[in-house]
Engineer: 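Have a look at this one.
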Amino acid sequence: MMQEIAERVANIRAEMEKAAREAGRDPSEILLCAATKMNDAARVRVAVEAGVDCCGENRVQELLEKLPQGAYDGKPLHFIGHLQTNKVRQVVGKVDLIQSVDRPELLQAIEKEAAKQGLVQRILLEVNIGAEASKSGFTPQGAMEIASRMAEFPHCHVEGLMAIPPISEEPGGNTKYFAQMRQLLVDIRAKKYDNVSMACLSMGMTDDFTDAIREGSTMIRVGTAIFGARQYGAAK
Ligand SMILES: *Cc1c(COP(=O)(O)O)cnc(C)c1O
């Protein structure tokens, strides 16, 4: 089982490298974030030791369980799930990057908590690029607008954008969304807003990360291809 995780990470690295080279990109520009939800600390450690670049956790509860167990030691920890404002204080300052800032109220809550803790929290703006009713996230215009106001949030720093496109019906189905995200990143970056760097474009998961890389992703978030299918409902 543990051997399997290490082998899978190596295989993903090879696929990442191939996709990058085909797109004329330097493979070292693209980071592999392990999406660790529903995997215990021991399994996360194996992925960390196999050389993923960072870990992304979805639920505050899981993060708080695995953190003291040393699950992520040695690699940056990101938060990638929907974050309730009443849990912000349990996440700010504990994670290197909050990828899933999906609404103005959450940004305000993070700003307030980061100010209280006296630190600057690195964040990504999550964009609902498929305009899906079931998903949270800024519209592309909303992301542009909030980026233009980041000087009002001095304890947050926007490093880039994150997206979870719709579940694709066919291979390559998300390519257009990835391309739109890339264009939005370029457009926001060109404005040179205060407190906004736009170096990171987090997109691509197990089923579509090679497409995402071809369209300019700088960070893929992969769960199933590293850990195997998640056992929903099973005891951990
Ligand atoms: C679970 C998850 C992933 C990884 O999904 P897989 O399809 O298992 O690779 C990526 N991003 C987010 C936000 C997730 O919740």
Side-chain angles (χ1 to χ4, degrees), residues 29-37 41 44-45 47-48 52-128 136-138 142-164 181 184-185 188-189 191-203 217-221:
E29 286 172 8
I30 304 141
L31 301 178
L32 173 58
C33 177
T36 50
K37 59 175 173 276
V44 174
R45 282 247 33 97
V48 164
V52 300
D53 295 300
C54 53
C55 295
E57 205 58 81
N58 276 73
R59 297 192 189 110
V60 175
Q61 184 62 37
E62 278 191 54
L63 183 154
L64 296 178
E65 267 171 44
K66 292 177 229 178
L67 191 59
Q69 296 175 37
Y72 322 106
D73 285 3
K75 294 291 175 184
L77 173 60
H78 296 180
F79 194 79
I80 63 174
H82 185 71
L83 183 55
Q84 292 168 257
T85 50
N86 65 359
K87 298 209 170 137
V88 157
R89 95 190 132 71
Q90 294 168 287
V91 174
V92 168
K94 286 204 182 72
V95 301
D96 188 61
L97 184 68
I98 302 176
Q99 296 200 15
S100 44
V101 177
D102 56 4
R103 59 200 192 280
E105 308 78 66
L106 179 59
L107 177 62
Q108 273 153 15
I110 294 169
E111 168 63 27
K112 201 170 153 200
E113 180 60 27
K116 198 168 137 195
Q117 294 185 26
L119 52 83
V120 173
Q121 178 66 60
R122 300 166 68 238
I123 64 169
L124 302 181
L125 300 175
E126 180 174 350
V127 178
N128 185 1
S136 54
F138 290 95
M144 178 66 86
E145 202 264 332
I146 204 81
S148 76
R149 291 175 38 209
M150 281 309 296
E152 297 168 32
F153 303 91
H155 299 87
C156 294
H157 187 263
V158 178
E159 309 275 328
L161 303 177
M162 184 269 242
I164 310 169
M181 286 299 302
L184 182 63
L185 186 93
I188 296 178
R189 189 193 285 150
K191 304 278 189 183
K192 300 190 187 307
Y193 293 130
D194 277 358
N195 223 6
V196 175
S197 67
M198 289 290 142
C200 180
L201 183 54
S202 173
M203 59 185 193
S217 172
T218 69
M219 185 182 296
I220 61 170
R221 307 176 311 270

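In this text the structure is predicted, and so the values were computed from the model without any measurement. Basis for what follows: all heavy atoms, side chains included, without hydrogens, waters or symmetry-related copies. Count residues from 1 along the sequence.
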Engineer: Looking only at side-chain N and O atoms, does Glu65 offer a donor or acceptor that is under 3.5 Å from a partner on Gln69?
Structural biologist: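 No, no side-chain donor-acceptor pair sits under 3.5 Å.
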Engineer: Do Gln99 and Ser202 have side-chain atoms, one donor and one acceptor, less than 3.5 Å apart?
Structural biologist: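 Yes, a side-chain donor-acceptor pair sits under 3.5 Å.
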Engineer: Counting only heavy atoms not in Arg189 (residues, nucleotides, ligands), do more than 12 fall under 6.0 Å from its CZ?
Structural biologist: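 Yes, CZ of Arg189 has more than 12 neighbouring heavy atoms, counting only those of other groups under 6.0 Å.
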Engineer: Between CG of Leu107 and NZ of Lys112, what distance do you get to the nearest 0.5 Å?
Structural biologist: 13.5 Å
Engineer: Using only atom types and a distance under 3.5 Å, with no angle test, would you say the side chain of Glu113 pairs donor to acceptor with the backbone of Val88?
Structural biologist: no
Engineer: State, yes or no, whether a side-chain contact exists between Ile98 and Leu124 at a heavy-atom distance under 4.5 Å.
Structural biologist: no
Engineer: Where is the tightest heavy-atom contact between Val127 and Ala143, given as atom of each residue plus distance?
Structural biologist: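 For Val127 versus Ala143, the nearest heavy atoms are CG2-CB, 4.0 Å.
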Engineer: Taking side chain as C-beta onward, heavy atoms only, is Cys200 less than 4.5 Å from Leu161?
Structural biologist: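 Heavy-atom side-chain distance check fails, nothing below 4.5 Å.
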Engineer: Of all the heavy-atom pairs spanning Val44 and Cys55, show the shortest one and how long it is.
Structural biologist: CG1-SG, 3.9 Å
Engineer: Where is the tightest heavy-atom contact between Ile123 and Cys156, given as atom of each residue plus distance?
Structural biologist: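 Taking every non-hydrogen atom into account, CD1-CB, 4.2 Å.
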Engineer: Taking side chain as C-beta onward, heavy atoms only, is Phe153 less than 4.5 Å from Met150?
Structural biologist: yes
Engineer: Would you say Gln84 and His82 are linked by a side-chain donor-acceptor pair, where the criterion is simply a distance under 3.5 Å?
Structural biologist: no
Engineer: Donor-acceptor pair, Arg59 side chain versus Gly81 backbone, under 3.5 Å?
Structural biologist: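 Absent.
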Engineer: Answer yes or no: is there a side-chain heavy-atom contact under 4.5 Å between Asp73 and Val48?
Structural biologist: no
Engineer: Just wondering, do Leu64 and Gln90 contact through their side chains at under 4.5 Å, heavy atoms?
Structural biologist: yes
Engineer: Yes or no on side-chain contact (heavy atoms from CB on, under 4.5 Å) for Met144 and Lys191, after CA distance, side-chain angles and deciding distance?
Structural biologist: CA-CA 9 Å; Met144 178 66 86; Lys191 304 278 189 183; 4.0 Å; yes
Engineer: Which residue in the set Lys37, Lys66, His78 passes side chain to side chain donor-acceptor pair (under 3.5 Å) when paired with Glu57?
Structural biologist: Lys66
Engineer: Considering only heavy atoms from C-beta outward, does the side chain of Met162 approach that of Ser100 to under 4.5 Å?
Structural biologist: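 Touching, per the 4.5 Å side-chain cut-off.
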Engineer: State the CD1-CD distance between Ile110 and Gln121, to the nearest 0.5 angstrom.
Structural biologist: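 Here the rounded value is 6.5 Å.
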Engineer: Got a second to check how far Ile80's CD1 is from Cys33's SG, nearest 0.5 Å?
Structural biologist: 5.5 Å
Engineer: Can you run down the salt bridge (charged side-chain N to carboxylate O under 4.0 Å, His left out) pairs that involve residues 90-108, sequence neighbours left out, and say none if there aren't any?
Structural biologist: Asp96-Arg122
Engineer: For side-chain contact (heavy atoms from CB on, under 4.5 Å), just list the numbers for Glu126 and Ile164, CA-CA rounded to whole Å, side-chain angles, deciding distance to a tenth of an Å, and then say yes or no.
Structural biologist: CA-CA 8 Å; Glu126 180 174 350; Ile164 310 169; 3.8 Å; yes
Engineer: Closest approach of Phe79 and Asn58, non-hydrogen atoms and distance?
Structural biologist: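 Scanning both residues completely, I find the closest heavy atoms to be CZ-O, 3.1 Å.
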Engineer: State, to 0.1 Å, how close Glu62 and Thr36 come at their nearest heavy-atom pair, and which atoms those are.
Structural biologist: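 Minimum heavy-atom contact is OE1-O, 4.1 Å.
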Engineer: How long is the gap from CE on Met203 to OG on Ser217, to the nearest 0.5 Å?
Structural biologist: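 If we round to the nearest 0.5 Å, Met203:CE and Ser217:OG are 5.0 Å apart.
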Engineer: Quick one, Val60 and Val91 - any side-chain contact, counting heavy atoms below 4.5 Å?
Structural biologist: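 Result yes, sub-4.5 Å side-chain heavy-atom pair found.
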Engineer: So, taking the atom named CD1 in Ile30 and the one named CG in Leu32, what distance separates them when rounded to the nearest 0.5 Å?
Structural biologist: 11.0 Å
Engineer: In sequence, state the C-alpha distance, the side-chain angles, and the governing distance for Met181 and Leu201, and then conclude on side-chain contact (heavy atoms from CB on, under 4.5 Å).
Structural biologist: CA-CA 8 Å; Met181 286 299 302; Leu201 183 54; 4.1 Å; yes
Engineer: Could you measure the distance from the CZ atom of Phe138 to the CG atom of Asn128? Nearest 0.5 Å is fine.
Structural biologist: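 Result: 11.5 Å between the selected atoms.
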Engineer: Give the minimum heavy-atom separation between Gln117 and Gly93, together with the two atoms involved.
Structural biologist: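 Shortest heavy-atom separation between Gln117 and Gly93 comes out as OE1-CA, 3.7 Å.
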